[in-house]
Amino acid sequence: DTGVSQDPRHKITKRGQNVTFRCDPISEHNRLYWYRQTLGQGPEFLTYFQNEAQLEKSRLLSDRFSAERPKGSFSTLEIQRTEQGDSAMYLCASSSMKYEQYFGPGTRLTVT
Amino acid sequence: GEDVEQSLFLSVREGDSSVINCTYTDSSSTYLYWYKQEPGAGLQLLTYIFSNMDMKQDQRLTVLLNKKDKHLSLRIADTQTGDSAIYFCGLGSQGNLIFGKGTKLSVKP
């Protein structure tokens with residue numbers, strides 16, 4: 001079991017560009033979560049999937065954000081027309097039905 | 001909504017015990033977690049407790065839950081320099097977790 005992986009680890013982009021992040025959960029974990037963490041704060045929930053179904057979305061997930069988990073395995077998080085306020089660490093976590101959430105190393109996004 | 005509060009800083013000497021505290025407002029959470037985050041890394045799950053338990057011990061870690069006072073604590077026995085990190089408490093039921101701002105633990109040799 002290799003744990004939750006995220007790609008890329010770091011992304012620098014210019015304001016207005018689109019970015020896409022990928023998360024590979026622990027194999028056979030049917031739940032996948034996305035969180036955002038800014039400096040000095042705890043992670044804030046964005047959205048989660050059970051298998052391929054997106055079950056919950058936070059009000060933080062504006063129209064510029066979209067997440068998919070097409071085959072119930074890996075997931076992508078896309079941010080369109082990035083803004084400087086989108087600069088943060090984007091964390092992915094996965095769990096089985098036991099609800100223990102295991103986090104990946106995160107993708108640090110810097111919008112210049 | 002749920003509000004989770006933690007002290008921002010804690011400093012201890014190597015070998016002493018550390019106690020990190022967390023208070024919350026909503027008592028409907030089923031699971032209460034403790035995570036550790038080192039600089040530039042994701043969150044590492046340390047331990048968790050069900051809301052119907054009062055205490056859980058796991059090697060050097062002891063979790064205490066006082067449901068009446070809505071207070072959760074994590075005790076680390078024989079604290080080592082490698083324990084220096086930010087510790088987050090997280091509360092949840094079947095979906096997302098709500099986290100505090102984290103407590104930065106500094107361990108002095």
Side-chain angles (χ1 to χ4, degrees), chain A residues 1-10 21 23-26 29-50 53-61 67 88-110, chain B residues 1-10 20-26 28-53 56 58 61 63 72 74 85-105:
Chain A
D1 190 341
T2 57
V4 178
S5 61
Q6 293 187 244
D7 184 69
R9 294 292 308 278
H10 304 274
F21 310 140
C23 171
D24 286 88
I26 293 171
H29 275 189
N30 62 342
R31 292 188 171 204
L32 187 148
Y33 308 80
W34 285 99
Y35 293 83
R36 182 175 71 183
Q37 185 179 26
T38 53
L39 199 61
Q41 303 294 317
E44 295 174 295
F45 170 75
L46 293 177
T47 189
Y48 95 91
F49 294 83
Q50 181 164 307
Q54 189 172 17
L55 295 189
E56 189 175 347
K57 291 194 290 186
S58 160
R59 59 178 173 78
L60 292 176
L61 210 68
M89 175 82 90
Y90 290 84
L91 294 164
C92 175
S94 71
S95 74
S96 66
M97 293 304 291
K98 288 186 177 181
Y99 308 124
E100 300 166 28
Q101 293 188 24
Y102 294 91
F103 282 78
T107 294
R108 180 165 296 284
L109 172 66
T110 302
Chain B
E2 177 74 85
D3 190 25
V4 180
E5 297 285 339
Q6 296 182 242
S7 298
L8 294 182
F9 301 99
L10 176 65
I20 301 170
N21 295 300
C22 173
T23 58
Y24 55 94
T25 55
D26 185 351
S28 66
S29 296
T30 308
Y31 301 86
L32 301 97
Y33 301 82
W34 283 104
Y35 285 87
K36 174 184 180 183
Q37 187 176 37
E38 297 184 72
L43 275 67
Q44 175 192 351
L45 177 62
L46 292 177
T47 186
Y48 65 95
I49 190 169
F50 297 110
S51 59
N52 62 358
M53 298 169 63
K56 181 179 180 181
D58 186 358
L61 305 179
V63 179
L72 179 73
L74 173 69
I86 299 177
Y87 291 79
F88 292 95
C89 69
L91 283 65
S93 296
Q94 296 192 21
N96 60 295
L97 297 181
I98 308 240
F99 289 92
K101 290 187 177 182
T103 299
K104 184 173 183 178
L105 175 64

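Chain letters run A, B, ... following the sequence lines, proteins first, then strands; residues in each count from 1. Since the model is a prediction, treat every value here as computed from it, not as a measurement.
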What closest approach, in Å, do [X] and [Y] show between heavy atoms, and which atom pair accounts for it?
X       : Y        : answer
A:Tyr33 : B:Asn96  : CE2-N, 4.4 Å
B:Tyr33 : A:Gln101 : CE2-N, 4.5 Å
B:Tyr48 : A:Glu100 : OH-OE2, 2.7 Å

Heavy atoms of other groups near B:Lys101 NZ, more than 12 under 6.0 Å: no

Honestly, the part of A:Gln41 sitting under 4.5 Å from a heavy atom of chain B is both

Using heavy-atom distances under 4.5 Å, tell me whether A:Arg9 contacts chain B through its side chain, its backbone, both, or neither. side chain

Using a cut-off of under 4.5 Å on heavy-atom pairs, state which of A:Gly42, A:Ser58, A:Gly40 scores highest against chain B. A:Gly42

Check each atom of [X] against the heavy atoms of chain A and say whether the ones under 4.5 Å are side chain, backbone, both or neither.
X       : answer
B:Leu43 : both
B:Gln6  : neither
B:Ile98 : neither

Is the shortest side-chain heavy-atom distance between A:Pro43 and B:Phe88 below 4.5 Å? yes

